[in-house]
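For reference, the structure is listed below as structure tokens.
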Amino acid sequence: RTAHLTVMQNCRARVLSRFNDVQSDTVDLLRRTNQLRPLISRLLIEESTQELHSPEELLKQALANHCQQEQLNNEEALEGWLSERFISKDELLLQVSLPLKLSKLALDVFAAKSEARFLQRKEGLDQATYSLLRVKNSGLAHELYLQLEAGETSFEALATEYSEGPEQRSGGKVGPTSLMRAHPQLRQRLLTATPGVVLEPVLIEKWWVVSRLEERLDATFDDSMRQRMATELLQQWMNEETSEVVKAVLSRNNAEGLT
């Protein structure tokens, strides 16, 4: 971890040095065409992962996935694809290896901080499935609620027939999704709801909403979540570093333009 931290700390200087011989007009062209930030981001990724090596089997699989995605069914098709883009096969292998290397780098550097990020983000990571129908008429909403509570019909049937929102197309079913995406009033009701219990109609903005929590899916901190959180932290670092390098390149470019 210490070695990778040192490499990352030196990334900014190494990427900046790549612009030492780049003409100011070229830098300005990259800026105006929105290519400067993506280029610097890519250089940071390459610099930070240059000492990492992907397992041969994973690299072969990554190349196979790329060929399948691009519909390259044989070596001849791959050669043609490479020729059209003026890149070599080794350069393509570097490209497809970067996601693998970034996953490893994320864990190597940020695994120790991943659980803290998980706890910070847990409310947004938890998911739920719920049923929902909305109508503008209060009387209709209460009538539908009573039918559901009495078990006279299914939520799916009523939502399909009466709901006036997009959930009508899915029979009222929403999710699995984060409750953070729901309206704050609805979210508060569902957070404390008992699965399977129909909630009384409530006025949310212009809608009378009837809802029922179906299932609560609490996020857990397993290996997959550790990787996800570490990757988010690495992405955050990359974004911050990219911004700093862009500022430094443009600042130097502007200074050169004044001389």
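This structure is a prediction, so every number in the text was calculated from the model and none was measured. When a residue number appears, it is its place in the shown sequence, counting from 1.
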Is there a donor in the side chain of Asn65 and an acceptor in the side chain of Gln61, or the other way round, less than 3.5 Å apart? yes
Without swapping roles, check the side chain of Gln227 against the backbone of Ser103 for a donor-acceptor pair under 3.5 Å. yes
Do NZ/NE/NH1/NH2 and the carboxylate oxygens of Glu46 and Arg42 come within less than 4.0 Å? yes
Lys/Arg N to Asp/Glu carboxylate O, Glu167 vs Arg134, below 4.0 Å: yes
Pairing residues for His53 by the ring-ring contact (aromatic ring centres under 6.0 Å, His included) criterion, not counting sequence neighbours: none
Minimum heavy-atom separation for Gly124 and Ser178, please, with both atom names. O-OG, 3.0 Å
Report yes or no: does Ser114 contribute a side-chain atom to a donor-acceptor pair with the main-chain N or O of Ala111 at less than 3.5 Å? yes
Would you check if the side chain of Thr49 reaches a backbone N or O of Leu52 as a donor-acceptor pair within less than 3.5 Å? no
Between Gln147 and Glu143, is any side-chain donor less than 3.5 angstrom from a side-chain acceptor? yes
Leu78 and Cys67: which non-hydrogen atoms are nearest, and at how many Å? CD1-SG, 4.2 Å
Report yes or no: is the cationic atom of Lys136 (NZ for Lys, CZ for Arg) closer than 6.0 Å to the six-membered ring centre of Trp208, at no more than 45° off its axis? no
So do the side chains of Arg121 and Arg228 get within less than 4.5 Å of each other, counting heavy atoms only? yes
Rounded to the nearest 0.5 Å, what separation is found between the OG1 atom of Thr129 and the CZ atom of Arg216? 11.0 Å
Hydrogens and angles aside, do Asn239 and Arg37 bring a side-chain donor and acceptor to less than 3.5 Å of each other? no
In Å and rounded to the nearest 0.5 Å, what is the CG to OG distance from Asn10 to Ser48? 12.0 Å
Indicate the atoms forming the closest heavy-atom contact of Arg117 with Met229, along with that distance. CD-O, 3.7 Å
Would you say the ring centroid of His66 lies under 6.0 angstrom from that of Trp81? yes
